[in-house]
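All remarks here apply to the structure that follows.
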Number of protein chains: 2
Amino acid sequence: MEGALRDAGVRITRQRRVLLRVLAEAEDHPDANELHRRAHALDPGLSLATVYRTLSVLEEAGVIDRHAFEGKPARFETSDRPHHDHLIDLETGAVIEFRSEKIERLQAEIAAELGYDIVHHRLELYGRRRKGKAGGNTPR
Amino acid sequence: MEGALRDAGVRITRQRRVLLRVLAEAEDHPDANELHRRAHALDPGLSLATVYRTLSVLEEAGVIDRHAFEGKPARFETSDRPHHDHLIDLETGAVIEFRSEKIERLQAEIAAELGYDIVHHRLELYGRRRKGKAGGNTPR
DNA sequence: CTTCTTGTTGCAAATAGTTCTCAACTGCAT
DNA sequence: ATGCAGTTGAGAACTATTTGCAACAAGAAG
């Protein structure tokens with residue numbers, strides 16, 4: 001992966017290596033601040049400004065995705081994982097991933113009807129946990 | 001409309017009346033700053049802070065919708081128009097509105113499965129016009 | 001391995017959008 | 001007309017992100 005970046009003309013610095021590692025190990029969708037906290041633990045003296053700058057570089061190189069959810073700070077994730085959409089918990093800010101073959105297909109159909117081929121799309125559901133009648137899985 | 005707001009416990013002040021008018025007359029999707037400029041023209045001494053506060057109140061009352069596009073400032077529009085999603089033409093930048101009952105339903109189903117109720121969602125398709133076989137309808 | 005060039009970094013200050021603080025003011029129910 | 005809770009203006013405060021600049025380091029060249 002570093003090789004690919006170097007080939008893309010991106011210098012591999014100590015701080016970038018740390019950031020890449022933190023991103024690779026992240027199971028969630030951390031924002032710049034959280035990434036800084038984690039990276040800073042491995043390498044004190046890695047500044048927040050560098051985190052931001054590196055994130056932009058990595059995004060441009062296509063190795064990470066930036067998700068700008070509703071006003072809140074941008075969140076990042078490596079782009080090596082299969083496509084999925086997001087459900088954002090409006091109360092906790094938690095991000096839940098999901099994927100629906102049906103929706104993917106419908107989107108393509110709709111685009112086709114309008115005379116288009118989809119290059120990519122963005123689907124975000126914003127909701128809150130069901131109260132009243134049970135229903136969800138993951139019980140609190 | 002003011003009546004509905006008053007019934008919802010929202011006081012109708014001079015500045016709110018102006019804002020409502022500006023919003024009603026807006027054909028586009030202005031952001032807070034632009035709304036302030038327009039409202040300020042009708043009523044100098046209407047502060048930006050009030051614009052923001054009023055927008056929040058109106059959003060909560062359900063009379064306007066807030067759209068947060070890609071990090072950019074939030075844009076607003078009256079919610080009296082039917083819901084729709086967007087298909088963005090990557091080549092021309094054209095924005096096509098569409099609505100799919102099926103997708104709406106699927107989204108609700110998916111959220112329900114995850115134990116959530118959807119408050120709202122954002123669906124944007126990015127694509128390019130079909131080449132080869134004809135296809136499109138609405139030629140521009 | 002040393003040198004050189006150019007990209008990169010840290011820090012602090014700058015931006016941009018939005019929210020908050022607080023004293024003065026005003027709908028509107030009575 | 002009166003009272004009080006809700007609202008306002010002005011500016012400070014906040015949050016997320018970017019930028020200016022001098023010191024610094026990656027990696028190509030020798």
Side-chain angles (χ1 to χ4, degrees), chain A residues 1-22 29-61 63-76 88 93 95, chain B residues 1-20 22 29-61 63-76:
Chain A
M1 158 159 275
E2 285 186 14
L5 282 172
R6 198 157 30 225
D7 292 345
V10 177
R11 272 190 200 173
I12 304 305
T13 64
R14 177 170 48 79
Q15 23 282 88
R16 284 181 180 173
R17 205 165 277 135
V18 172
L19 233 326
L20 281 171
R21 181 171 150 200
V22 169
H29 299 70
D31 59 21
N33 215 41
E34 176 59 25
L35 286 170
H36 178 226
R37 178 164 20 264
R38 296 181 194 179
H40 193 273
L42 301 179
D43 180 345
L46 192 165
S47 75
L48 179 57
T50 291
V51 170
Y52 274 109
R53 278 185 291 229
T54 301
L55 287 173
S56 293
V57 168
L58 296 181
E59 184 191 10
E60 200 132 326
V63 304
I64 62 171
D65 290 325
R66 172 195 304 258
H67 296 295
F69 299 129
E70 297 274 283
K72 299 184 180 60
R75 295 169 158 231
F76 305 81
I88 295 89
V95 175
Chain B
M1 159 159 276
E2 286 186 12
L5 282 172
R6 197 156 32 226
D7 292 345
V10 176
R11 278 191 197 171
I12 304 304
T13 63
R14 176 171 48 80
Q15 23 281 89
R16 283 180 182 174
R17 205 166 278 135
V18 172
L19 234 323
L20 281 172
V22 169
H29 299 65
D31 59 22
N33 217 42
E34 175 59 24
L35 286 169
H36 178 226
R37 179 167 17 265
R38 297 181 194 178
H40 193 272
L42 300 180
D43 180 347
L46 193 166
S47 73
L48 180 56
T50 291
V51 170
Y52 274 107
R53 278 185 294 228
T54 301
L55 287 173
S56 294
V57 168
L58 296 182
E59 184 191 10
E60 200 133 324
V63 305
I64 62 171
D65 289 325
R66 173 195 304 259
H67 295 297
F69 293 118
E70 293 274 287
K72 298 184 180 61
R75 306 171 79 100
F76 304 81

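Since the structure is predicted, the reported quantities are computational estimates derived from the model, not experimental observations.
Side-chain N/O atoms of B:R11 include none lying less than 4.0 angstrom from OP1 or OP2 on D:dT8. Distances shown here put every side-chain N or O of B:R14 at or beyond 4.0 Å from the OP1 or OP2 atom of C:dT26. Taking 4.0 angstrom as the limit, A:Y52 places none of its side-chain polar atoms (N or O) nearer than this to OP1 or OP2 of D:dT18.
Of the two residues near DNA chain C, A:T13 and B:Q15, the one whose nearest nucleotide lies more 5' is A:T13. Both A:V10 and B:V57 lie near DNA chain D, and the one whose nearest nucleotide falls closer to the 5' end is B:V57.
Between B:I12 and B:R17, some side-chain heavy-atom pair lies under the 4.5 Å cut-off. A:V10 places a side-chain heavy atom less than 4.5 Å from the side chain of A:R16.
Side chain of B:R75 to main chain of B:H29: a donor-acceptor pair is present (N/O by atom type, distance under 3.5 Å, no hydrogens or angles). In this structure, the side chain of B:T54 engages the main chain of B:T50 through a donor-acceptor pair within 3.5 Å. Proximity of a side-chain donor or acceptor of A:H36 to a complementary backbone N or O of A:L46 within less than 3.5 Å is detected. Side chain of A:R6 to backbone of A:R11: no donor-acceptor contact under 3.5 angstrom is found.
At a non-hydrogen distance threshold of 4.0 Å, nothing from residues 34-43 of chain A comes into contact with DNA chain C.
Taking every side-chain heavy atom of A:A49 into account, D:dT19 is the closest of D:dG9, D:dT19, C:dT8. In the set D:dT8, C:dT18, D:dG6, the nucleotide with an atom closest to the side chain of B:L48 is C:dT18. Distances from the side chain of A:A74 to the nucleotides D:dT17, C:dG17, D:dT8 place D:dT17 closest.
Of all the heavy atoms in A:A61 and A:L5, the pair that sits closest is CB-CD2, 3.7 Å. Residue A:A32 comes nearest to A:V51 through the heavy atom pair O-CG1, 3.7 Å, listed as atom of the first residue, atom of the second, then distance.
B:R17 has its CZ atom 14 Å from the P atom of C:dT26, to the nearest Å. One can place CD of A:E60 at 15 Å from C1' of C:dG7, the figure rounded to the nearest angstrom. For the pair B:L55 CG and C:dT19 C1', the computed distance is 13 Å after rounding to whole Å. In this entry the distance linking CG of A:L5 with C1' of D:dA26 reads 14 Å, nearest Å. For the pair A:F76 CZ and D:dA16 P, the computed distance is 12 Å after rounding to whole Å.
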message = Working note: A:L55 + A:R53, criterion side chain to side chain contact (heavy atoms under 4.5 Å, CB included); need CA distance, chi angles, decisive distance, verdict.
response = CA-CA 5 Å; A:L55 287 173; A:R53 278 185 291 229; over 6 Å; no
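Within the nucleic acid shown, B:G45 comes within 4.0 Å of sugar-phosphate atoms alone, with no base atom in reach, counting heavy atoms only.
End-to-end axis angle for the helix from C:dC1-D:dG30 to C:dT30-D:dA1, using five pairs per end and rounding to 10°, comes out at 30°.
With hydrogens and angles ignored, no donor-acceptor pair closer than 3.5 Å exists between the side chain of B:R53 and the base of D:dG6.
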